[in-house]
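Have a look at the structure below before the remarks.
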Amino acid sequence: MDAAFSETLIALLPNLRRYALSLTRRPDQADDLVQITVERAIAHAASFDSGQRMEPWLFRIMRNAFIDQTRRQRSAGVQVDIHDMPEALPTDPGPALEARLMLQSVEAAMTELPPEQREILHLVCVEEMSYAETARILGIPMGTVMSRLSRARLALADRLGIR
């Protein structure tokens, strides 16, 4: 593993965490998913094509790890975390509060979307992946990415009452 690989991997940690949060919707599980992704990336660093962007490669690893975890959890049964607590709102009732409330509304509306739409919306709109990169990460045709993204945007606008 060379220095450039390590530096790029470290620089992409915030992006990995955001994507993990969009998949798991729980910070503790998202952190575990990021750790698994980094471990797998380091273990398979030799298979990475340095001529390509690392971000789609890492997101594909993460998505596969998430699928593996989901399959394991189905057979393990229901688990409840006793440490879940709602986050406190900021005390300043200014624009930060409005932005937070809007973000919560968008987040809540996104959770109501079907998983395939939510995932594409996150990759394209939050992580700023191209349609081609998103198609590679998810293993679907680019036209499917575009149609799901369009449906996701319309559904999100409907849920937020802005359409």
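Here, residue 1 is the first one in the sequence, and each next residue gets the next number. Values below: every heavy atom of this structure, side chains too, minus hydrogens, waters and symmetry copies.
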So do Glu119 and Arg63 actually touch side chain to side chain, heavy atoms under 4.5 Å?
yes
Closest non-hydrogen atoms of Leu16 and Met62, given as atom of the first, atom of the second and distance, are O-CE, 3.3 Å
To the nearest 0.5 Å, how far apart are CG in Leu149 and CG in Leu154?
9.5 Å
Could you state whether Ile36 and Phe5 fall into the same hydrophobic cluster, counting links through intermediate Ile, Leu, Val, Met, Phe, Trp or Tyr residues with side-chain heavy atoms under 4.5 angstrom apart?
no
What's the shortest heavy-atom distance between Arg118 and Ser22, and which atoms?
NE-O, 4.1 Å
For Glu107, I'd like to know if atom CD has over 12 heavy atoms of other residues, nucleotides or ligands within 6.0 Å.
no
Hey, what do you get for NE2 (His122) to OG1 (Thr134), rounding to the nearest 0.5 Å?
10.0 Å
Euclidean distance, Arg136 CZ relative to Ser130 OG, rounded to 0.5 Å:
6.0 Å
Min side-chain heavy-atom separation Leu138-Met129 under 4.5 Å
no
Given side chains that start at C-beta, do those of Arg159 and Leu113 come closer than 4.5 Å, heavy atoms only?
yes
Transitive ILVMFWY side-chain link Leu101 to Leu103, under 4.5 Å:
no
Applying a strict under-4.5 Å side-chain criterion to I, L, V, M, F, W and Y, I'd like to know whether Leu23 and Ile67 cluster together.
no
Nearest heavy atoms of Met110 and Leu121, plus distance in Å:
CE-CD2, 3.9 Å
Check: Val34 main-chain N/O paired with Arg17 side-chain donor or acceptor under 3.5 Å:
no
A side-chain contact here means heavy atoms from C-beta on lying under 4.5 Å apart; do Glu7 and Ile10 qualify?
no
Applying a strict under-4.5 Å side-chain criterion to I, L, V, M, F, W and Y, I'd like to know whether Met54 and Ile42 cluster together.
yes
Determine the minimum heavy-atom distance between Arg148 and Ile140, stating which atoms define it.
NH1-CD1, 3.7 Å
Looking only at heavy atoms, the pair that brings Phe59 and Asn15 closest together is CZ-O, 3.9 Å
Could you check whether any side-chain heavy atom of Leu58 comes within less than 4.5 Å of a side-chain heavy atom of Tyr19, counting everything from C-beta outward?
no
Do Gln117 and Arg151 have side chains that approach each other closer than 4.5 Å (heavy atoms only, starting at C-beta)?
yes
Closest heavy-atom contact between Trp57 and Ser47?
CZ2-OG, 4.0 Å
Hey, what do you get for CZ (Phe48) to CZ (Arg53), rounding to the nearest 0.5 Å?
10.0 Å
Should Leu13 and Leu123 be regarded as members of a common hydrophobic cluster, given that ILVMFWY residues are connected when their side-chain heavy atoms come within less than 4.5 Å of each other, either directly or indirectly?
yes
Please check if the side chain of Ser150 supplies one atom and the backbone of Met146 the other of a donor-acceptor pair under 3.5 Å.
no
